[in-house]
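Here is the structure we will look at, set down as structure tokens.
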Amino acid sequence: MVAVERPGDIEFRSRLKQTELKSADFYYQRGQQFLEQGNLDEAIVQFQHGLASMPDHRKLQQAMTDAIARKEAANLYQEGLNLHQAGKLDDARRQFQRTLEVYPDHKEAAAALAELKKQDQEKAFEGLALSSKAPITLNFRQTDLKQSFEFLAKSFGINVIFDESVKSVPVTLFAKDVTFEQGLSLLLTTSKTFYKKIGGNTILVAPDSKEKRGQYEDHLVRTFQMNTVRAKEMADILKGIVTIKKIMINEQLNTIVVRDTEDVIKLAERIIENNDRKPAEMILEVEILEVNRSKSERLGLDFGTYSFTAAVPGVVPLNRQIRNSIASSATLAIPSVTFRFFKQDVDAKTLANPKIRVLNGRAAKIHIGDRVPLRAATIVDATGQTRTTFDYKDIGIKLLVEPTIYLDNSALVKLGLEVSSLGANIGQGNDQAFVIGTRNAETFMLLRDGETAILGGLIQDEERNTRIKVPGFGDIPAVGSLFTSYDDSANRTDVLLTITPRVVRGWDVPTRMAREFYSGSENVYSDKPLFASLESATSAQIRTEPGTASPVAGAPIIVTPPPVAAQSPPGAQAAVSVAGALAPAPQVLPAILAFSEPVYEVATGQNFEMRVIGANLAGAADVPLEILYNPQLLSYVSGARGDVPADSFNSSADASRGVLSVSLGLGGGAAPTGNAVLARVILHGEKPGISYLVYRVPVIKTASGDTLNAQVRAARVVIK
């Protein structure tokens, strides 16, 4: 307080700075202790306290960023382990890669990726241990089939065993510079045989028939766990593409159990991975405005109701006249005169602003109003007791939406709107019957992500004019208005609806390599092509002919690989080295993300602008940012693009997690080289307290696909 009251006092300001520094160092040391113990949550809390004391403390900022990154990486790594245990290796690999992107020093994720890569390498070509991988040339002329297999196997250090049903037929073949896989594929396909691995370097060759495959091929049982698609629907997809021998569905666990050969199970696994993916999801922001305008005017003299009564006596004395008898018993009622001078103008608005999150192709329903019980039936039972049954009717605003999200994040929205109100009772006595006023609209709209559509014009007008006159006097020109009472009323109701779709998660589309793969031939399933690639082969002739093989003509010929191209002259190599030394690599400044102010001061209940500052972002194409804040103290109001021209901009906040998301798509060299305002965000102070603003570790992508390393700086918001 003294430093605030006496800003020019250097001594007090120095002591305040020292106190803030000691407090920040204290919380920094405590946070480091919790980090060593592996307690990330408590470490983050300590770093938050430290940043509240000194927001510009560099070590605290870096420690806070690292701790948040480690926590997020731990969650991603655990998700990857769960996917790996479920047999979804591709999804697990992606989660481990994301873990390393968030926190590159995560040793467990790196080890898991290395293990998956090792498993992929072991699966390559059935894991046969070849003594040599150098290509050879095959030249068979009327050579016996078994001799051809034996020569190919010995050339690569492989043992081959033949089934008793393999026939000796002559083979004519010439193929230059082929690998073991290519040569084996040529021999197997043309001779109608298949092979079975029975050891690390031993294969068995047998005729390709249903009986022999059933005798030698192993059958595996694999259980596939579905994430989003129902197991029954996925089973129909598999049966329509692959002939599976045995398949069972567990609807309760949403799993599929398959028993077949390894090749069929591999194909089923890839088909499931391409189809069992998370659907797109969006948030529909709806604003419904109902405007009721009612005007009423009553003006003039109200003379009420005049009445005249006369009683005619049944017996009239002779000494009296009848006229006198009637006059003595007649009465005339004269009401009091009321002057009406009344005017009323009512303008009412009913506002609803719901937000609903919905999956692609699923219907979402919103009802804002009441459930009114209406008499349905009256039942008299055998004992004479009367019971009344009621039906509940939804009265108010009902909205039904069903989006169909496309790959470009646009959506076809099916919308149904109903606005109803309970009217007058037109029944009698206990038998009540109410009028329900209803307005309906149903339409289809094609909207882009973030585009707002307006639905209006549901107008209802009611106008009523009433004139009450004194008979005779009310019809006199000019003077008749004095004997006339005016009662006019007008009601107008208008309904206006706006809807804005915002895609939360787009379609998880697999890559083309994952969508397109080999499936074998018509009769045999395999994830490899029937004939291996022969890019280096100059010619290949394959023919099986009956007859006796000639030992001399059938002698194979081995051709060594072509020589390696000559190296460049030493002088040229030296010149390249020297030229490279004369042009040192330019120094690249790290990208920086900060805020416009280190400390924001705002009163409770007021809005303030927080500007996102970026520097040294040259080459950046996609800048997704996530800023952590305290949702109990701050709330998100709106966001707008900054001074940098961007192809796309989006800002939103998740109040449940306290995360503010800002995304910029920079194209055409729009990324700034110096300091620039990337976004302007309006926040609202909810209640007194101190909230920090901290960047999550950003992943800034360049146009070439590289990642920019960014340094982040935190800020503090003091709400008074």
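Basis for what follows: all heavy atoms, side chains included, without hydrogens, waters or symmetry-related copies.
- Within the 4.5 Å cutoff, the side chain of Asn227 has no heavy atoms near those of the Lys278 side chain.
- Nearest approach of Ala24 to Gly50, heavy atoms of both residues: CB-O, 4.1 Å.
- Side-chain contact between Arg70 and Asp105: absent, with no pair of heavy atoms (C-beta onward) separated by less than 4.5 Å.
- In this structure a side-chain-to-backbone donor-acceptor pair under 3.5 Å is missing from Thr255 to Gln225.
- To the nearest 0.5 angstrom, Ile366 atom CD1 is 12.0 Å from Lys355 atom NZ.
- Using a 4.5 Å heavy-atom threshold, the side chains of Leu683 and Asn607 count as separate.
- Proximity of Asp25 to His57: side-chain heavy atoms (C-beta onward) are separated by under 4.5 Å at one or more points.
- Minimum heavy-atom separation, Trp507 to Ile405: NE1-O, 2.8 Å.
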Stepwise side chain to side chain donor-acceptor pair (under 3.5 Å) test for Tyr636 and Ser652: CA-CA 8 Å; Tyr636 170 79; Ser652 61; over 6 Å; no

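- Residue His49 is tested with Phe26, Phe34, Tyr27, Tyr28 for a ring pair (Phe, Tyr, Trp, His ring centres under 6.0 Å); the sole match is Tyr27.
- Identified under the ring pair (Phe, Tyr, Trp, His ring centres under 6.0 Å) test for residues 248-284, with sequence neighbours left out: none.
- At least one side-chain heavy atom of Ile265 sits under 4.5 Å from a side-chain heavy atom of Arg222.
- For Arg680, the CZ atom sits in a packed shell: over 12 heavy atoms of surrounding residues, nucleotides or ligands are nearer than 6.0 Å.
- Proximity of Leu664 to Ser648: side-chain heavy atoms (C-beta onward) are nowhere separated by under 4.5 Å.
- Going from atom NZ of Lys232 over to atom CD1 of Ile237 covers 13.5 Å, rounded to the nearest 0.5 Å.
- Side-chain contact between Met234 and Asp276: present, with at least one pair of heavy atoms (C-beta onward) separated by less than 4.5 Å.
- How far CZ of Phe96 is from CD of Glu115: 10.5 Å, rounded to the nearest 0.5 Å.
- Between Arg502 and Asp449 there is no salt bridge, since none of the side-chain N atoms of the basic residue sits less than 4.0 Å from a carboxylate O of the acidic one.
- Taking the charged nitrogens against the carboxylate oxygens, Asp218 and Lys197 have no contact shorter than 4.0 Å, which rules out a salt bridge.
- Distance check, rounded to the nearest 0.5 Å: CD of Gln95 to CD of Gln78 gives 11.0 Å.
- A salt bridge between Asp236 and Lys239 is absent, with no side-chain N of the basic residue lying under 4.0 Å from a carboxylate O of the acidic one.
- Shown here are the salt bridge (Lys or Arg N to Asp or Glu O under 4.0 Å) partners of Glu601, two or more places apart in sequence or in another chain: Lys720.
- Nearest heavy atom pair, residue Leu634 against residue Gly685, reads CD2-CA, 4.3 Å.
- Annotation: Gln632, atom CD; neighbour count of heavy atoms from other residues, nucleotides and ligands within 6.0 Å does not exceed 12.
- With no hydrogens or angles considered, a side-chain donor-acceptor pair links Asp66 and Gln62 at under 3.5 Å.
- Using a 4.5 Å heavy-atom threshold, the side chains of Met610 and Leu660 count as touching.
- Aromatic pair Phe47/Tyr692: ring centres not closer than 6.0 Å.
- Taking every heavy atom of both residues into account, Ala73 and Thr99 meet most closely at O-CG2, 3.4 Å.
- What you find for Ala363 and Val358 is that their closest heavy atoms are C-CG2, 4.4 Å.
- Here the shortest heavy-atom pairing between Val662 and Phe649 reads CG1-CE1, 3.9 Å.
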